[in-house]
Amino acid sequence: WPLAIQRERQVGTIWRGGAIPSSSRATWSDGVAEVFQSHSASSSTTSPSASGRCLYLATVTRIDPMGTTGLDGVRQRPLTVIGAATSAGAYGPGQEQAPDYLRAHGLAEALVGTSRPVHDAGNVATFVHRPDPEHPQAANVEQVREAALSVAAAVSNAYTRGEDVLVLGGDCTIELGTVAGALADGSSVGLIYIDLDGDLNTPATGDGVLDWMGLAHILGVDGVEPRLADMGPRSPLLPPLAVYLLAADLLTGPERRVVQQLDIRHEPIAVVRTDLDAVLDRLLAWASEFDRILIHVDIDVLHYPDFP
């Protein structure tokens, strides 16, 4: 666990402007390669609707010109860890334990090993999943909204202090709060979404579980729940050109249509594994257009049967 988290944090180090030095490129490349080379081919046949879908790590990092701070500047910038202990949008209880589980199994020690100042802000959202028969198409929608707003406030405050942010959780709807918080100061934001599930379902096309509808609400796809889509400083939170999908190989039929209709960039996992350098070139070129990059990492990409 600590090693995987550390590598995924390194993946979030991107620079804008000028050539990327070979040592920096290796940090990015090695981290991504490790994530995807660990993925099992057997996961492609696994149902995406299995209970307990994801253990989620969201890494938020700011893009800096190398001439301004360099790699040393990135390493010296404080990192705030925010726990989103909620399973409101999940299939059942359990995923709310993810932040504390990660802490208990060496997260702090792994982050301290990166030689940058680290502050753990604790958990800002706490909710345990419960059945919600009154909202069969968007279960626990109010609790999902409240959790996302709490995350947004914590992320925004950290950015105001000039810090980077690592958001921990097990329910992918917390990405709504991460994006909203990153947008609060007016920065342009790009979102790299590393997830076997695209999370592009809506209440009309899904099964009532909001966990795999988060990205649809970020993009304001037709049919999404307004209480979630309109919770940030603008609606939709992001345009399609600001999203880059990696490894979303378990898309449903409606999700595939959304990707096609919105022309969302997507790198299938087979391409990532066989032509990583070209994928990185495309990612870096795309990322250079934004002030800030967010990286959503669902560790189902490591091995779906063990980490759904």
Side-chain angles (χ1 to χ4, degrees), residues 46-54 56 58 84 86-92 95 127 129-149 151-152 169-180 183 189 191-266 268 294 296 298 300 308:
T46 306
S47 168
S49 61
S51 177
R53 290 183 56 255
C54 69
Y56 163 69
T86 176
S87 54
Y91 279 89
Q95 288 166 234
F127 184 83
H129 171 90
R130 65 188 179 207
D132 185 13
E134 294 183 5
H135 301 95
Q137 291 186 307
N140 296 314
V141 60
E142 289 294 346
Q143 291 74 24
V144 167
R145 174 183 168 85
E146 290 174 11
L149 287 172
V151 172
D171 178 345
C172 292
T173 59
I174 63 174
E175 186 67 69
L176 284 157
T178 306
V179 173
L183 289 169
V189 171
L191 173 61
I192 299 174
Y193 211 81
I194 306 174
D195 197 326
L196 281 180
D197 304 302
D199 297 340
L200 288 165
N201 288 288
T202 69
T205 63
D207 55 7
V209 175
L210 288 165
D211 193 8
W212 66 336
M213 303 185 197
L215 187 53
H217 285 82
I218 290 170
L219 292 169
V221 174
D222 289 343
V224 294
E225 170 57 57
R227 283 171 286 186
L228 299 181
D230 298 340
M231 56 152 285
R234 66 188 189 205
S235 183
L237 287 169
L238 294 178
L241 59 82
V243 173
Y244 208 126
L245 292 174
L246 275 83
D249 283 22
L250 296 184
L251 297 176
T252 64
E255 287 180 306
R256 292 187 184 280
R257 287 192 289 274
V258 170
V259 171
Q260 294 170 356
Q261 292 167 1
L262 299 183
D263 195 23
I264 300 173
R265 292 169 176 82
H266 177 214
L294 283 64
H296 166 107
D298 187 329
D300 61 4

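Fair warning: this is a prediction, and the values are worked out from it, not measured in the lab.
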* Do His266 and Asp249 come within less than 4.5 Å of each other through their side chains, counting heavy atoms only? -> yes
* Please confirm whether the backbone N or O of Ala204 pairs with a side-chain atom of Gln137, one donor and one acceptor, at under 3.5 Å? => no
* Asked: If we only count heavy atoms from C-beta on, is the Ser87 to Arg130 side-chain gap below 4.5 Å?
  -> no
* **Nearest non-hydrogen partners of Glu255 and Leu251, listed with the distance** => OE1-CA, 3.4 Å
* State the CG-CD1 distance between Leu219 and Ile264, to the nearest 0.5 angstrom. => 5.0 Å
* Return the minimal non-hydrogen interatomic distance between Gly89 and Val209, and the atom names on each side. => O-CG1, 3.0 Å
* Sub-3.5 Å donor-acceptor pair from the side chain of Glu146 to the main-chain atoms of Gln143, do we have one? -> no
* Asked: Does Leu241 reach the side chain of Arg265, with side-chain heavy atoms less than 4.5 Å apart?
  -> yes
* To do: For Thr173, enumerate each residue passing the side-chain hydrogen bond (donor to acceptor under 3.5 Å, both in side chains) test, keeping only those at least two apart in sequence or located in another chain.
  => Asp171
* Look at the side chain of Asp197 and the backbone N and O of Trp212, then say whether any donor-acceptor pair between them is shorter than 3.5 Å. => no
* To do: Work out which heavy atom in Asp132 is nearest to a heavy atom in Ala138; give both atom names and the distance.
  => OD2-O, 4.3 Å
* To do: Would you name the heavy atoms of Gly220 and Pro236 that are closest together and state the gap between them?
  => N-CB, 3.8 Å
* Asked: How far apart are the closest heavy atoms of Ala180 and Ala152, and which atoms are they?
  -> CB-CB, 4.0 Å
* **Side-chain (His129) to main-chain (Ala90) donor-acceptor, under 3.5 angstrom** => yes
* To do: Report yes if the side chains of Met231 and Leu176 come closer than 4.5 Å at any heavy-atom pair, otherwise no.
  => yes
* Structure fact -> CD1 (Ile194) and CG (Leu246) are apart, to the nearest 0.5 Å, by 5.5 Å
* To do: Give the C-alpha distance, both sets of side-chain angles, the deciding distance and a yes or no for side-chain contact (heavy atoms from CB on, under 4.5 Å) between Val221 and Leu262.
  => CA-CA 9 Å; Val221 174; Leu262 299 183; 4.2 Å; yes
* To do: Could you tell me which non-hydrogen atom of Leu237 sits nearest to which non-hydrogen atom of Pro233, and how far apart they are?
  => CD2-CD, 4.0 Å
* To do: Dump the intermediate steps for side-chain contact (heavy atoms from CB on, under 4.5 Å) on Leu215 and Tyr193, then the final yes or no.
  => CA-CA 9 Å; Leu215 187 53; Tyr193 211 81; 4.1 Å; yes
* **Interatomic spacing from CG in Asn140 to CD in Glu134 - rounded to 0.5 Å** => 10.5 Å
* Asked: With a 3.5 Å cut-off and no angle check, do the side chains of Thr202 and Asp222 form a donor-acceptor pair?
  -> no
* Structure fact -> Taken to the nearest 0.5 Å, the spacing of His296 NE2 from Thr178 OG1 works out to 9.5 Å
* **From CD1 (Ile218) to OG (Ser235), nearest 0.5 Å** => 11.5 Å
* To do: State whether the side chain of Asp298 and the backbone N or O of Asp195 hold a donor-acceptor pair below 3.5 Å, judged by distance alone.
  => no
* Asked: Does any non-hydrogen side-chain atom of Thr205 lie less than 4.5 Å from one of Thr252?
  -> no
* Asked: What distance do Ile192 atom CD1 and Leu294 atom CG have between them, rounded to the nearest 0.5 Å?
  -> 9.5 Å
* Flag, side chain of Asp211 to backbone of Cys172, donor-acceptor distance under 3.5 Å -> yes
* Mark yes or no for whether Arg145, through its side chain, and Arg227, through its backbone, hold a donor-acceptor pair below 3.5 Å. => yes
